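Just so we're clear, the structure is a prediction, and the values are computed from it rather than from any experiment. Numbers restart at 1 for each chain; the letters A, B, ... are given by sequence-line order, proteins then strands.
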There are 2 protein chains.
Amino acid sequence: MFRQSNLGERLDSAVSCLSPAGSAPFAALVALEQIGGRRSYQQDEEIYGELDPADCWYKVVSGTVRICKLLADGRRHIAEFCFAGDCFGIDLGRERLFSAEAVGDVTVMRFPRGATERLIDEQPELARHICDMALRSLAHAQSRMLLLGRMTASERVAHFLLELAERRDARRFVDVPMSRNDIGDYLGLTIETVCRVLSSFRREGTIAIPTPHRIELCDRDALEAAGEG
Amino acid sequence: MFRQSNLGERLDSAVSCLSPAGSAPFAALVALEQIGGRRSYQQDEEIYGELDPADCWYKVVSGTVRICKLLADGRRHIAEFCFAGDCFGIDLGRERLFSAEAVGDVTVMRFPRGATERLIDEQPELARHICDMALRSLAHAQSRMLLLGRMTASERVAHFLLELAERRDARRFVDVPMSRNDIGDYLGLTIETVCRVLSSFRREGTIAIPTPHRIELCDRDALEAAGEG
DNA sequence: CGCCAGTTTGACCAAGATCAACGCAAGTGG
DNA sequence: CCACTTGCGTTGATCTTGGTCAAACTGGCG
């Protein structure tokens, strides 16, 4: 849900939402890390489900988490993938609207909501940082709405690969922890369409696919052009 | 962008993001209202454009605003409609990523970013309220991603009508300030598809369309069923 | 009255979904 | 070690939804 958190190891990227870049409240962040508990989940294990009480939030230590929703007729939508350093599960309501599942094996930090609230009371600057995360997340959600509402299958897949490369700091070889099915449900496409587009990129020499979960970006310019130019 | 703002006349709906519902910082909000200036725009006038400096944010007093983006090849995407009471233009970056335009004649309050920042410094609880708005907005964005990624044309239009009715507190007659084109760009559909779906709802007796900008919800249950049941 | 912009409807088309088969690598059990 | 299974990924054939193109309709206005 929240990408590129400023809490913890990504302090450097802190940009306050409505204020000029200020100093991060280190003391509060250290305290935050201390109230969190570590937990691990196996492949496809549920971290929380829809309608579960939203009494805590999480930060990914290692692995990949998918935030998703299942419709009555079986259609599935993945709202977000969370990688190491990302926060998720910061919800307004009392209950979860989405579920969170481990894509592979995953380790997370779990922060109780109550303790976080008390910490915010002591360190009000924390609210600004959560605000910042929320606004950053919102900007990401908006570019995803554009993608889902107005882009073709090729554009979506190209964007996905470039986003993946950027978020995982990959220059040429991107590893793809999630299944083709997950990619489809993230991009609003079927698994077959995802495969076909990847194959067509491969035929054109834009990418290579040494294994299904490892993709080489051979021609980044072509990929960027395919992702709308 | 931000719906159902807690600032100003909607104080009653305040729910803090990570804290139990607390009392709103009235003094700060009153101060906020005082730093805002009123401005009016005519039909289709641009309030701000992409790449304009993001040096202020707005609150709709009356009328409807669309937040949108134009792609190079002419495709357009509408991220959000803002009605009276909604805030928009609270962005992280230095420049706008979307533009804001008046759907009809519009009056807004305009708040300079610098003054708001100073106010937040004095009244740190304000950050929590902005955080709350951002999280609420994020939840809305996520349900819109689900709609754009996984729902059929009929489901999208049904959802749209129900959302419009709810946000404008309409029981039976909903007025639709935006054009069919705007609706299409909001739902990721063409204008023709929007028309066709509306006509099919009309033929089935689910709705009536006395004028293109006024729709009667004749059978709410059928509409809710059409919006995924 | 005729023009104009927005809306509606129809005929046709294409992108992507669906259905089905096949490939391939990792287990599993004899 | 090898047959068999299983789960995912890939590819092909066909179909459907919604897009495209075009024409008719509507109400407001000079």
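With values rounded to the nearest 0.5 angstrom, L198(B) atom CG is found 5.0 Å from I207(B) atom CD1. Note that the CG atom of L71(B) and the CD atom of E155(A) stand 7.5 Å from one another [nearest 0.5 Å].
Protein atom CG of N181(B) is 12 Å distant from nucleotide atom P of dT8(C), rounded to whole Å. Here dT11(D) presents its C1' atom at 13 Å from CG of L198(A), a figure rounded to the nearest Å. The CD1 atom of I215(B) sits 8 Å away from the P atom of dT8(C) (whole-angstrom rounding). Remark: P of dG16(C) and CG of L187(A) are 12 Å apart, rounded to the nearest angstrom. Across the protein-nucleic acid pair, R180(B) atom CZ and dC25(D) atom P stand 19 Å apart, rounded to whole Å. The interatomic distance linking M178(A) (CE) with dG9(D) (P) rounds to 12 Å, in whole Å. Rounded to an integer number of Å, the gap from F201(B) CZ to dT7(C) P is 18 Å.
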Once base and sugar-phosphate atoms are separated, protein heavy atoms under 4.0 Å mark nucleotides 12-22 of chain D, 5' to 3', with B, S and - as BB----SSBB-
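The list of salt bridge (Lys or Arg N to Asp or Glu O under 4.0 Å) pairs with a residue in residues 193-213 of chain B, not counting sequence neighbours, is empty.
The closest side-chain donor-acceptor pair between E163(A) and H140(A) falls under 3.5 angstrom.
Remark: R202(B) is in phosphate contact with dT9(C), judged by side-chain N or O atoms under 4.0 Å from OP1 or OP2. Residue H213(B) places at least one side-chain N or O under 4.0 Å from the OP1 or OP2 atom of dT7(C).
The two residues I130(B) and C131(A) come nearest to each other via the heavy atoms CG2-SG, 3.6 Å.
Taking the six-membered ring where tryptophan is involved, the planes of Y58(B) and F88(B) are essentially parallel, since the angle between them stays under 30° and well short of 60°.
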